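Just below is one structure, and these are the notes that go with it.
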Protein chains: 2
Amino acid sequence: MPTDSVHTVKSYEQELDRMRAMMARMGGIVESQVAQAVAAVTEHDEEAAQAAPAQDPQVDLLERDVEALAIRLLALRSPMAGDLREIVAALKITGDLERIGDYAASIARRSQRFDLVDRQISLSGLRSMGRLVQENLRRVIDAVTQQDADRATEVWQADREVDEYYTAMFRELVTYMMEDPRNISPCTHLLFIAKNFERIGDHTTNIAERVYYAVTGDNLPAVRPRGGLSTGDDAVAR
Amino acid sequence: MPTDSVHTVKSYEQELDRMRAMMARMGGIVESQVAQAVAAVTEHDEEAAQAAPAQDPQVDLLERDVEALAIRLLALRSPMAGDLREIVAALKITGDLERIGDYAASIARRSQRFDLVDRQISLSGLRSMGRLVQENLRRVIDAVTQQDADRATEVWQADREVDEYYTAMFRELVTYMMEDPRNISPCTHLLFIAKNFERIGDHTTNIAERVYYAVTGDNLPAVRPRGGLSTGDDAVAR
């Protein structure tokens, strides 16, 4: 039945486009989770705090779907060169996106577990850090969907500033804790939130490296420029 | 020249075995990094504290080598079914191993940035947690090299106990900080160390899920049993 086979056997290009669309969708959801995490922490937005973790199952499902499609493409279509690298990169990038979604959900949940009423604790550093992380993620997802190596390189370099924010936050929060024991519990949560934003930045950088390799066939340098080198924290660790 | 081609064209099985050997080697190095991290924190072992980060470049290189070989196998050999799943799993597992190595290096570095002299802070919880994490990692690497789904399932279930340790540690450390402001700085480091061990446990679980899928073609349940549900921390977050 030739009519049937036209409908059921998709072309290789169509399947590759479908994989790209699934990646874009997964990226969009994770991006919204990070935006919700930022709103949950810096604007006490309770709706956002609920929304970020609620999207986790959808992200997990998309990761599995992309993987199943990638395996199908690898097995049945024997892609070569650039396409092969793109499919392999997709397998790795979905892992990073899934982790970013996890961190965002974790931040959102944590935002509901403490309050800063009567505490003289500024969230301005965390707000700037969150926005920067969000912006870098948006740009790297653009780089993924447009297979843009230059944009990937820009994002890769921009993570240095995220590390610097983290180092500053770490010091500021420890100072608050020293000043008043009542700050210890909320600041412990804020420390982990800052750390989670920093980790989101790391995974964003991983994605940038993946895109660069998929597009060019070359690796970015093994050691990336990092900020916060003078910290007592592990901001220097990758 | 047929003699040459015998020497230069490796068989598919040989290449697959080579990939497995590289995974085993990568697993072995990461295992030793985690052992060094545990020794650095709980026994003030300075040599171990230096050794764990020093192994990072080797792990990164092995990740890239496994990936290059996996891509080669996918492109030139068109593996099917179980072999295909194993190669795709290898691509994902190396990412988890690399992350585990990072966390171990981060723990080792951090162990040198504080001291507990004159502080009444017990490390027994952290010691037990570190040993458990180390043991689970050892078992999951066995599961990888032997493609053993049953062992993978056991490790997957054992992570619950790691989460419980983390929750207990979190509470204990916040209590120390409340008791004496001089505990704040070291306990902040210990909090991150406990968190990093917990994250190593998470990645160990990811590897177990990958092995299970590679061997059986089925997924473990999406939601894994977790400990520490009653915590104010994010131990419940994945």
Side-chain angles (χ1 to χ4, degrees), chain A residues 53 56-57 60-61 64 67 70-71 74-76 78-81 84-85 87-88 91-92 94-96 98-99 102-103 105-110 113-114 170 173-174 177-182 184-185 187-189 191-193 195-196 199 202 206 213 219 222-223 231-234 236-238, chain B residues 53 56-57 60-61 64 67 70-71 74-76 78-81 84-85 87-88 91-92 94-96 98-99 102-103 105-110 113-114 170 173-174 177-182 184-185 187-189 191-193 195-196 199 202 206 213 219 222-223 231-234 236-238:
Chain A
D56 250 356
D60 291 349
L61 206 63
R64 290 188 181 185
E67 188 175 324
I71 291 179
L74 292 170
L76 304 180
S78 301
M80 299 299 289
L84 177 62
R85 286 199 308 271
I87 295 166
V88 170
L91 283 169
K92 292 270 196 173
T94 52
D96 284 302
E98 190 267 341
R99 259 353 247 181
D102 272 358
Y103 282 121
S106 173
I107 292 168
R109 277 195 203 92
R110 200 185 277 277
R113 301 218 179 93
F114 64 97
F170 181 86
L173 290 167
V174 169
M177 290 196 271
M178 300 281 199
E179 277 168 10
D180 187 338
R182 286 171 298 174
I184 289 173
S185 179
C187 285
T188 301
H189 287 292
L191 264 179
F192 276 119
I193 287 171
K195 189 72 188 169
N196 285 353
R199 289 278 175 199
D202 278 354
N206 289 352
Y213 178 74
N219 286 311
V223 177
T231 176
D233 185 36
D234 73 338
V236 291
R238 280 225 54 205
Chain B
D56 250 357
D60 290 347
L61 206 64
R64 290 190 181 185
E67 188 174 322
I71 291 179
L74 291 170
L76 303 180
S78 302
M80 298 299 289
L84 177 63
R85 286 198 309 270
I87 295 166
V88 170
L91 283 169
K92 293 270 194 171
T94 53
D96 283 302
E98 191 268 339
R99 258 354 245 182
D102 273 358
Y103 283 120
S106 173
I107 291 168
R109 278 196 203 91
R110 199 185 277 278
R113 300 215 181 96
F114 64 97
F170 181 87
L173 290 167
V174 169
M177 291 196 271
M178 300 281 198
E179 276 168 11
D180 186 339
R182 288 171 298 174
I184 290 174
S185 181
C187 284
T188 300
H189 287 293
L191 263 178
F192 276 119
I193 287 171
K195 188 72 187 171
N196 284 354
R199 289 280 177 199
D202 278 355
N206 288 352
Y213 178 75
N219 287 310
V223 177
T231 176
D233 184 38
D234 74 337
V236 291
R238 282 224 53 201

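Note that this is a predicted model, so its numbers are computed, not measured. Chain A is the first sequence line, chain B the second, and so forth, proteins listed ahead of strands; every chain is numbered from 1.
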*Which residue out of A:Lys92, A:Arg182, A:Arg85, A:Met178 racks up the most heavy-atom pairs below 4.5 Å with chain B?*
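Winner by heavy-atom pair count: A:Lys92.
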
*Tell me, out of A:Asp96, A:Val88, A:Leu173, A:Thr94, who's got the most heavy-atom pairs with chain B below 4.5 Å.*
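Heavy-atom pairs under 4.5 Å are most numerous for A:Val88.
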
*asked:* Given heavy-atom pairs under 4.5 angstrom as the criterion, report whether the side chain, backbone, both or neither of A:Leu84 touches chain B.
replied: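 It is the side chain, since no backbone atom gets that close.
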
*Quick one: does A:Thr188's side chain get under 4.5 Å of B:Leu191's, heavy atoms only?*
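SC-SC contact between A:Thr188 and B:Leu191 confirmed.
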
Side chain, backbone, both or neither: which part of [X] has an atom under 4.5 Å from a heavy atom of chain A?
X: B:Glu179; result: neither
X: B:Tyr213; result: side chain
X: B:Met177; result: both
X: B:Ile184; result: side chain

*What distance separates B:Leu74 CG from A:Ile87 CD1, expressed to the nearest 0.5 Å?*
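It is 9.5 Å, given to the nearest 0.5 Å.
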
